[in-house]
Structure formats: C-alpha cells, structure tokens
Amino acid sequence: MDKAYDPKSTEERVYRLWEEGGYFTPKIDKTKKPFTILLPLPNANDPMHMGHALFTVQDILVRYHRMKGDPTLWLPGGDHAGIETQYVFEKQLAKQDKSRFDFDRATLYQMIAEFVEKNKTVNRDQMKRLGFSLDWTRYRYSLDPDIVAIILDTFRKLHADGLAYRDERLVNFCTKCGTGFSDLEVKHVEQTDPLYYMKYGPFVLATVRPETKFGDTAVAVHPKDKRYKDWVGKEIEVEGLLGTFTVKVIADELIDPKFGTGVAKVTPAHDHKDFDMGKRHNLDMKRVIGFDGRLTAIAGPYAGMKVKAARTKVAEDLAAKGLMDHIDTKYLHTVGVCYKCGTVLEPLPIPQWYVKAKPLADAAADAVKKKKTVIKPLKRFEKMYFDWLKNILDWNISRQVVWGPRIPIWYCLDCNPSVHLSFIAKNGAKTSGTYQEVKRAHTVEEISSGIQTVMAPIGTTYALDSSACKACGGTDVIQETDTFDTWFLSSQWPMTTLGFPDHEDFTYFYPTSVLDTMWDILFFWVARMMMIGLYRTGNVPFEVIHLHSRVVDAKGQKMSKSKGNVMNPIEMVDKYGADALRFALIFGAAPGSDISISDDKVRGMRNFANKLWNIGRFISMNLDSASKDSGNPLDSRNQTGNEEVPYYDETMHKKLTDPNDKRIISEVNMLAAGVTKDIERYRFSDAAQKLYDFTWHRLADVHVEKNKERFKAGDAQALAVVRHVFFMTLKLLHPFMPFVTEAVYQKIPGWNGIPLIVAPWPSLL
RNA sequence: GGACCUGUAGCUCAGUGGUAGAGCGUUCGACUCACAUUCGAAAGGUCAGAGGUUCGAUACCUCUCAGGUCCACCA
C-alpha cells in the first residue's frame, strides 16, 4: 500500500468495479420493501455545481439501504429545462450574431435538441466522479417519447375533468425572452422610479407609467372617498397628448385613498389591479404595449418606441403641454422582473392554458396532514408547504418557447376564420392579423413555426389531438404554438420515469421512499409532484420529503458568478478527492440550514481520508507479518507461527479478556448504534462527527497507539479485534466516503471477497 | 404589507434546562519504527443586549439591536 491515499488512481477504478458489478441496479424482490430515490433531475445541458454535490445526502441513504439488503433504486435523469435551455442556447446564438428570430420553429427546435444531446453526458460523468451510486441503466430524459406520451395524457385527463382550461388574463411577459411565466417565476425587486403626478381632466393623479395613458379606459377612486364622491359614475374629458378623450370615473375598493391623490388611472390591459377592476366594471381593454415591448399603433406618434424610452418622452411632452403637476423622483416600489434575464416584466393580456390548482392543492395538503408524506427536517418547511397550497393560484402552463412539447390542442380555422395570429416569423418579420390575412403572406409551416404564440381568442373552437375539427370536420387546423411549462413535465417525474401506469418498476417502486432536494423548489417542483402524482395515481409520489439547504462559501455568502465565489465541485474532487468533498459537505451542517464549505474544510477531510487509509495500511502490515513466515528464524514474529489470524466472532467475543479489546469493541458497537440512528433520523452531520471522532481519536490515537506492542507481537486476539473494529468502521463510513473505504477494505488481509458496497450493514455483536 | 430564520472560540458552524463543542486557524514542542495529508501539548467564549419564567438558562417567553430569507397585483 502506498504511503498516502491517492484518490486520483483509486476513484475511477473503484467506480468501474461497482458499475461493472451491476451493484447500482436493484434486483426486484417482491417479498422485500424497496428503497427508492429519484435524483432531482439536473438540466441536461448544465454542468454540476455545489448544489448538485449535495445529492451526497441521497447517496448516503441509498448506500445505507443497499447495505441493509433492501432492493435499492436511485434513478438518474436529465431535464430538457424548456426556457432555461432555450435561454442558454440563445446566448450562444447571440455570440454568432444570431437570434431565435433567424430560424423557423422546426429548425430552432432541432438545433437546441442537438445542443442538449452534446452536453447531456457532461453532468452524468460528473456525478460518477462524485461516486453517486445511480442506476444508469434506468437513466431517463424528460423528452423521451414514452415520457412525453404520459405528459400529454395527463393534460388530456385534466382537460376532460375540467381542470385544464384556456383563459385570457394578464400574463407576466418577458419581452426579451418572449414568453410569459407563472406567478411563481416572477422575481420581485425593489427599485426607485419617478412617480408622476399628472393633470388628468379635473384631477391630478399619480402614476409611474405615463406611457400607458393611451390605454386608459377609466379613472378610479375609493367608494368612500368623500373628496371625489360626486364624480363617481360621471364621464370626464381629459386632455392628452393625442387630443382630448373621455373616460368614466369608477369607484373601487382596490384604490387606496392615501396613495398619491387617491385617484388612479385605469389601464386594464397592462396592470393586474386595473385588469381586475376592468372585469368588474366592464371596461374596454386597449393594448398599448406589444409582445416586443414596444408601444402599439394606439400610441400614435409614440408607436414603435420601447416602454422605457416612451415613458421619458411622454413625461417630457406632458410637461411641455403643462399637464404635469409635479414629479416625486424618489418613489420606492417593487416591480416584477424576469428571473432569467432581469428584464422588467410586462403584464400583457394573452390567452393561455391554466391548470385549476385548488382541488389538486387540497389533496396535496391533505396527504401531508394525514402523514402519508412526511416533510423533514424542519417544521417550518411544512408550514411553507401548507401556506402555499392554501393560497395557490391557477397554474399557467403555457410558454411561448419552442423548446418543449407543444400543447396538444388544435384550433379550427374553418370554425374561426378570424383567429388572430401574432407571431414573429423568420428574419424577424413581425406578423399579425387574422389567419386568412396572414396565410396570404406566409406558408402554413411558417405560421405554425411562429416563435410567438397563436393569439386565438377565448371561445375558439379547438380539438384535442386531431387533424380534423370535431365540430365542422374542417381540416384547416393549426396546433397551439405554446409549449408546456417545464415544471408541468417534471411534476410527473415519479410517474413517468417508473412507467406509469403498469410497468413493473412503477408497481414495485412507486411510491418512492424519499425525495431529497433544496427547499427553493418546494413549490415549483415538490408540491406540484404531490398534486399531480395524487391526481393521476391516487397515491403520494414519496413517503418522505427531505429538504436540504444551499451551499455557501467560507464566509457564509451565497455562491454567485458576480461575487466570483463559485466553487466547482469537480475541481475539488480533482484536488482532494470525492470522499473529502462529500464528507466536507455533510460535516458540521445542521439540518435545513446553510452549508458552508471552503477549500480548507475539504482539505481537512482529505486528511481524514488519508488517516483512514493509513490505519488500514498499519493493520494490513501487522496482519501480514503475523500470518506469514518472514523467513528469518530469528524474527520474533515467527513465535506466533504461520497461522492466519482468526475472524472475530461470537465465541471470541465471549472470551475477550484484554480490557483494551473490550473497550474498543464496546465503543464501536456504540458507534454503530449511533450512526444507524442518526442516518434513520436524517442527522447526517451527527453521524459524520461521530465517525470522524471515533476513527481518528478513539481508534487511531488511543486504541492503535496503546496496543502497538501487542500487534507487533502477533497477538491473534488483538489483531482479530482491531481488524473487526476496522471493518465495522469502514462499513459505517462507506455511505459517506465510498471510495477510500472500498479501496482499503479490499486490501485488508482476511477480506472475504465481497465488495464493501454490498457488505452487510453492521449488526451489533 | 404578511410570514419566517439567524446572532455561540479569530473564521465557518454544531449543541443542550444543570461544570461550553467540532473543523479550520493560532501558539509551543516533536522528522516517534501506519500517516508531517502526522504526533503531543496549549491559548482562546459575561453563548448579540435587556427583562421575565425557573432551585438553576446559552438553551423557554417578551422586547431591543444587527444580519438574512420567503410570500404579496400597491397605481
């Protein structure tokens, strides 16, 4: 054995041994309850970051259960990651001075597919580097045809049950990414903007968005506001930049009399509150802002200007005309921005597909209340879960990106000759108008390839999965151009990967045992898996939800590219070995709180791996010399003869005489009990601390040091005991540090030939 | 505007109703025959502040101060 443990020369070899031995693939045994974890599917095109390295928690659980003899499945996969991937891909395009508008839909889709295909293996190889014992024979990709088939089927069922519907509402739309989002994906940021107090007919009112004035269809006050009560219901004349116009004064509870002057302009097409008021008061909706983020023809001379520029210009022009009362330049408020690119989101009215969430959410909450699924490790995560489900809004599943499965709905153009199409075609040519108008200028392929969505109005006749209209039999049909929200696919991961409804894997492994992920996707993913899983299978998708926290740097700061403190897990593996990184991530991390990691910490754990190696080396040497004739008749070791050191067993256990042996045996038994309990309770850090302390400070510093003379003298009992204790230690440590433990285990004389990965978990003697 | 979390050794963090712990760092001493990725020893904390409950609080409660997070359609 080498003097120091060398991860580089060991890890790849050991992983290959495991993989070739087929140990990651469970044997289905119907008499045993399986242990199953689904890997939270990383984006197929993304390299790993430290967060992924935390999946070590899952590997610990999986390896522990495998050693306990449970049929254990840890299933890996990759996510096509709709908008995320398209965003990354578009950045690449931008480097070549191209954009999504330069390609038709089919071409763009194909290009992204090839891009993902090229990158798919990267994180797979990286996970192997970390030692994750994933069953690669079951690797699934979210766009595998059989997976997509289940997804589409779920949509059909939701539709048939009245839980999927189409509606035109204000959608938070990113004009840069060209897609709308669900409310969950909106990031709120505080910023200071000018608050314009403009003269508005007989009133002065405050707004941050004077450029939307062209879309105003009312003015609102609070019903109880005495200042304005005589105006309610009246029409007022307002002098504007495009001449004088008339709007109605309405009274609505949504208006805060204390804000500004207590009067608000109402722009139903571009403000969430105004949209609600518009519905209540039956107001017209005038679109001032288009999908490209520019003002529409309604804005007259301002048409074509981008929102921000238009705002400044409109404000200037209003001031020039004497219509600006004053400006509060220090108005602090929050705006919604695109979580991807940071662009301020525009609320725009677009018909979208929604999933009615309440009934599904109630079932999901109920399952946790009834403890069919348990959320660990903190009570507050459960509270977060309940709160979100309680206040849930319907889920917008339409995305105007090409990268994903298209929603299986067809609009009939014979029934709806006036279906409005609005899309940006090849070469950036924006196109809109009725279908017939558009058709004259474009081929059908170009139309259905439109990057933007078909703006079919509500009430349009549509068919599911049909090439002919069910109402009129017409064949001039066009498929919904929107694709599914990625999370709609991932919400079904436990079903789709296992082969719902009748694959052997599904019947055996569902519901899965544990779902371990970071709490930040509790709503995006976990809660929705609960909702859809229960809806389709009638059963929860997992028994335990275990939420871990984020990995932060040595100063407790969140890792981010802009701070430059991002740590690459693979670099750490190269430098100190996978075991060191894994142990560092687990060691000293309280359940549910941030996990800080530093180069120093990983190095410290590398030292621990090395310590373990050298204990093994020392024991090996002593066992070797005790059992082999050195050939030198004067060698004192020959006095003990050539006999193999016997195995430690029940008989020897009962006959133990040496107090040192007795003590270490008792200590290692306590350790085994403690570590087992800690793992069962998801107290991984506690287990790691116990293992570290025992291995280094009890076994090495005390027991080995104290008994060196006995080992040297070839004391069979001493050697049998120390080997037994070391074997146990290796077993207990294996889930945490799989590589070094496996490597050392196989080097100890007396090893029974069975790899540690499937060695039985220690039972107490 | 709601809800929540954190404040313990120089740093990052565990922890418990009853003399305060780890890793890293620091200081001193050792090339001891498994390991210098080591060994031996040591220094270092009114456990944020104030009040309360208790025989007793770092731990439970209240408030204050300081950080941080999540949720939310405030023109």
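Naming convention: chains lettered A, B, ... in sequence-line order (proteins, then strands); numbering from 1 in each chain.
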What do the steps show when you test Arg280(A) against Asp252(A) for salt bridge (charged side-chain N to carboxylate O under 4.0 Å, His left out), and what is the final call? CA-CA 9 Å; Arg280(A) 273 200 287 279; Asp252(A) 199 290; 3.1 Å; yes
Run the numbers on Arg169(A) and Asp167(A) for salt bridge (charged side-chain N to carboxylate O under 4.0 Å, His left out), then give the verdict. CA-CA 6 Å; Arg169(A) 294 185 195 161; Asp167(A) 193 16; 2.9 Å; yes
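OP1 or OP2 of rG15(B) lies within a sub-4.0 Å distance of a side-chain N or O belonging to Arg683(A). The side chain of Trp696(A) places an N or O atom within less than 4.0 Å of a non-bridging phosphate oxygen (OP1 or OP2) of rC39(B). Using a 4.0 Å cut-off, no side-chain N or O of Asn614(A) falls inside it from OP1 or OP2 of rU38(B). When the side-chain nitrogen and oxygen atoms of His697(A) are compared with OP1 and OP2 of rG23(B), one or more of them lie within a distance under 4.0 Å.
Within the 4.0 angstrom heavy-atom criterion, no nucleotide atom of any strand lies near His270(A). Using a 4.0 Å heavy-atom cutoff across all strands shown, Asp271(A) reaches sugar-phosphate atoms only and no base atom. If you check every strand for non-hydrogen atoms under 4.0 Å, Leu378(A) touches nothing. Across all strands, Tyr692(A) comes closer than 4.0 Å only to sugar-phosphate atoms, never to a base (heavy-atom distances). Residue Val704(A) is classed as a base contact, given a heavy-atom separation below 4.0 Å to a base. Using a 4.0 Å heavy-atom distance criterion, Ser593(A) is classed as a sugar-phosphate-only contact. Nucleic acid contact class of Arg550(A) (heavy atoms, under 4.0 Å, all strands): none.
Between Lys265(A) and Asp216(A) a salt bridge is recorded (basic side-chain N to carboxylate O distance below 4.0 Å). Between Arg698(A) and Asp693(A), none of the side-chain N atoms (NZ, or NE/NH1/NH2) sits under 4.0 Å from a carboxylate O, so this pair counts as no salt bridge.
Going from the C1' atom of rC71(B) to that of rG49(B) covers 30 Å, rounded to whole Å. A gap of 15 Å separates the P atoms of rU58(B) and rU16(B), to the nearest Å. For rA14(B) and rG23(B), the C1' atoms lie 10 Å apart once the distance is rounded to whole Å. With both ends at atom P, the span from rC11(B) to rG51(B) equals 26 Å, rounded to whole Å. Between rA72(B) and rG2(B), the two P atoms lie 16 Å apart (nearest whole Å). With P as the reference atom, rU37(B) and rA50(B) are 46 Å apart, rounded to whole Å. On the C1' atoms, rU19(B) is 32 Å away from rG67(B), given to the nearest whole Å. Taking the P atom of each, rU32(B) and rA48(B) are spaced 45 Å apart, rounded to whole Å.
In this structure, a donor-acceptor pair under 3.5 Å is present between the side chains of Ser549(A) and Trp519(A). Side-chain atoms of Trp613(A) and Asp6(A) include no donor-acceptor pair closer than 3.5 Å.
Across the protein-nucleic acid pair, Asp594(A) atom CG and rC70(B) atom C1' stand 13 Å apart, rounded to whole Å. Atom C1' of nucleotide rU38(B) and atom NZ of Lys3(A) are separated by 10 Å, given to the nearest angstrom. Per the geometry, CG belonging to Leu547(A) stands 18 Å off P belonging to rC4(B), to the nearest Å. When the P atom of rU38(B) is taken as reference, atom CD1 of Ile615(A) falls 12 Å away, rounded to whole Å. For the pair Tyr331(A) OH and rC74(B) P, the interatomic distance rounds to 9 Å; values are reported in whole Å. Taking atom CD of residue Glu190(A) and atom P of nucleotide rG1(B), one finds them 10 Å apart after rounding to whole Å. To the nearest angstrom, P of rG23(B) lies 18 Å from CG of Asp599(A). In this structure, Asn391(A) places its CG atom 18 Å from P of rC70(B), rounding to the nearest Å.
Listed nucleotides rA3(B), rA14(B), rA34(B) differ in distance to Ala590(A); the shortest reach to its side chain belongs to rA14(B). Distance from the side chain of Gln689(A) is smallest to rA22(B) among rA22(B), rA72(B), rC33(B). Side-chain proximity of Phe523(A) to the nucleotides rC71(B), rC35(B), rA72(B) is greatest for rC71(B). Minimum atom distance to the side chain of Trp519(A) is reached by rC70(B), of the listed rC33(B), rC73(B), rC70(B). Side-chain atoms of Val552(A) lie closest to rC13(B) of the nucleotides rG23(B), rA14(B), rC13(B). When distances are taken from the side chain of Asp701(A) to each of rA34(B), rC73(B), rC39(B), the shortest belongs to rC39(B). The Lys708(A) side chain lies nearest to rA34(B) when the options are rC73(B), rC35(B), rA34(B). The side chain of Lys383(A) sits closest to rC4(B) out of rA34(B), rC4(B), rC13(B). For Asp276(A), the listed nucleotide lying nearest its side chain is rC73(B); candidates were rC73(B), rC24(B), rA14(B). Out of rA36(B), rC4(B), rG23(B), the shortest distance to the side chain of Arg380(A) is found at rC4(B).
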Both distances under 3.5 Å, Watson-Crick or G-U wobble: on that basis, could you give the dot-bracket string for RNA chain B, with [ ] for crossing pairs and | for other-strand partners? (((((((..((((....[..)))).(((((.......))))).....(((((..]....))))))))))))....
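Judged by closest nucleotide on RNA chain B, Asp387(A) is the one of Asp387(A) and Phe608(A) placed further toward the 5' end. Residue order along RNA chain B, read from the 5' end via each residue's closest nucleotide, puts Ala4(A) first among Asp256(A) and Ala4(A).
For Lys706(A), the NZ atom is loosely surrounded, since the number of other residues' heavy atoms within 6.0 Å does not exceed 12. More than 12 heavy-atom neighbours from other residues, nucleotides or ligands sit within 6.0 angstrom of CZ on Arg227(A).
Between Thr10(A) and Ala743(A), the shortest heavy-atom distance links the atoms CG2-CB, 3.5 Å.
In this structure, the ring of His333(A) has its center less than 6.0 angstrom from the ring center of Tyr331(A). Trp231(A) has its ring centre less than 6.0 Å from the ring centre of Phe203(A).
With hydrogens and angles left out, the side chain of Lys611(A) and the base of rC35(B) share a donor-acceptor pair within 3.5 Å.
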